[in-house]
Amino acid sequence: LQCDDILVPHSIFGGHRETKHRKSFAFGFDQWRRYMERYGCARVQLVALVDPYWQFDYIQDGSTISKDMDRLAAYNKGMSTWGKWVDLNVDPSKTKVFFQGISPTHYMGKEWGSSSRNCYGELQPIEGSSYPAGLPEAQVVLNRVLSSIKKPVTLLDITTLSQLRKDAHPSTYSDTGVDCSHWCVPGLPDTWNQLMYASFLK
């Protein structure tokens with residue numbers, strides 16, 4: 001189960017809503033349950049809820065539609081909704097739940113002590129085994145929600161090792177602008193897969 005960096009079809013979230021001048025995008029907390037029930041898994045882009053560069057026009061919580069909302073509050077709400085679903089629907093004797101942790105962004109060079117504004121032009125990873133700015137605030141939310149889930153969930157903690165790879169974004173390798181949230185250089189996503197495989201063997 002990966003709930004942080006794979007985009008699901010727009011229809012899961014209510015999709016694009018046409019306006020007179022442009023398309024708008026709405027995120028609904030509960031709508032992805034239908035996808036889980038239909039396909040037996042969830043691929044939900046919750047990282048967008050903690051990325052200040054991703055903008056939703058509307059966020060729907062039950063019957064309430066809001067004009068966007070605080071990112072950490074939204075992430076907590078989304079993760080808590082998922083956690084309740086796991087407790088209600090997962091049978092640990094038949095299903096093992098894996099959750100891939102926070103995939104970080106590198107939009108603020110000051111986080112790793114650089115005068116650069118963001119990851120653009122970064123060609124080397126950060127030395128050492130810790131990220132100068134520490135873990136993202138969303139990690140606190142994630143840890144709290146995971147600790148509240150009664151069913152066993154295996155966390156694939158990819159956050160710190162990904163924070164060290166400020167050089168692995170499309171950055172200078174792309175002609176579509178600065179992208180410091182997706183991954184481009186081989187190695188990092190492969191490591192995530194190796195961790196998943198090792199967890200299966202365990």
Side-chain angles (χ1 to χ4, degrees), residues 1-8 12-13 27-33 35-36 41-56 59-62 66 68-90 92 95-108 111-112 119 126 129-166 168-169 180-183 188-200 202:
L1 177 62
Q2 186 166 336
C3 287
D4 74 338
D5 67 348
I6 294 183
L7 183 64
V8 302
I12 305 304
F13 295 136
F27 177 90
F29 287 112
D30 294 323
Q31 293 173 359
W32 54 269
R33 289 188 185 191
Y35 186 77
M36 296 174 82
C41 63
R43 295 181 180 182
V44 182
Q45 185 163 341
L46 289 181
V47 71
L49 294 176
V50 292
D51 183 352
Y53 296 90
W54 186 288
Q55 296 297 317
F56 291 102
I59 289 183
Q60 182 172 344
D61 185 3
S66 305
D68 215 338
M69 67 185 296
D70 176 79
R71 284 295 179 269
L72 287 176
Y75 187 68
N76 181 68
K77 176 70 178 177
M79 286 300 304
S80 297
T81 301
W82 168 76
K84 291 174 184 175
W85 186 93
V86 170
D87 277 337
L88 288 172
N89 294 278
V90 172
T95 304
K96 188 171 180 63
V97 179
F98 293 87
F99 184 88
Q100 182 169 291
I102 306 293
S103 176
T105 62
H106 291 93
Y107 280 107
M108 293 186 287
E111 287 188 352
W112 59 87
C119 74
I126 294 171
S129 58
S130 62
Y131 191 63
L135 291 171
E137 291 180 289
Q139 188 71 38
V140 176
V141 174
L142 173 60
N143 292 341
R144 182 171 62 243
V145 171
L146 291 181
S147 66
S148 70
I149 300 175
K150 297 179 178 61
K151 301 291 176 64
V153 176
T154 299
L155 173 64
L156 299 174
D157 192 353
I158 54 112
T159 304
T160 300
L161 66 90
S162 302
Q163 285 181 312
L164 300 177
R165 292 303 307 275
K166 60 181 172 57
H169 296 288
C180 299
S181 59
H182 293 91
W183 305 98
L188 185 63
D190 305 288
T191 301
W192 299 355
N193 293 336
Q194 289 173 354
L195 290 174
M196 170 75 85
Y197 180 65
S199 297
F200 288 159
K202 230 171 94 179

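- In this structure, a donor-acceptor pair under 3.5 Å is absent between the side chains of Gln194 and Asp190.
- Pairs of residues two or more places apart, or lying in two chains, that qualify as side chain to side chain donor-acceptor pair (under 3.5 Å) and include a residue from residues 145-155 are Lys96-Thr154.
- Note: Met79 CE to Phe99 CZ = 3.5 Å, rounded to the nearest 0.5 Å.
- Looking at every heavy atom in both residues, Ser199 comes nearest to Phe98 through CB-CE2, 3.4 Å.
- Between His106 and His169, the ring centre distance stays below 6.0 Å.
- Side-chain polar atoms of Ser103 and Trp183 form a donor-acceptor pair below 3.5 angstrom.
- In this structure a side-chain-to-backbone donor-acceptor pair under 3.5 Å is present from Thr159 to Ile102.
- Contact between Leu164 and Ser129 at its shortest, heavy atoms only, is CD1-CA, 4.1 Å.
- Thr160 meets the side-chain contact (heavy atoms from CB on, under 4.5 Å) test with Leu135, Gln163; sequence neighbours excluded.
- Asn76 contributes no side-chain N or O that, together with a main-chain N or O of Leu72, makes up a donor-acceptor pair within less than 3.5 Å.
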Take Trp192 and Leu161, measure what side chain to side chain contact (heavy atoms under 4.5 Å, CB included) needs, and give me the verdict at the end. CA-CA 10 Å; Trp192 299 355; Leu161 66 90; 4.0 Å; yes

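- Formation of a donor-acceptor pair under 3.5 Å by the Tyr107 side chain with backbone atoms of Cys119 is not found in this model.
- Expressed to the nearest 0.5 Å, how far CE of Met196 lies from CD1 of Ile158 amounts to 10.5 Å.
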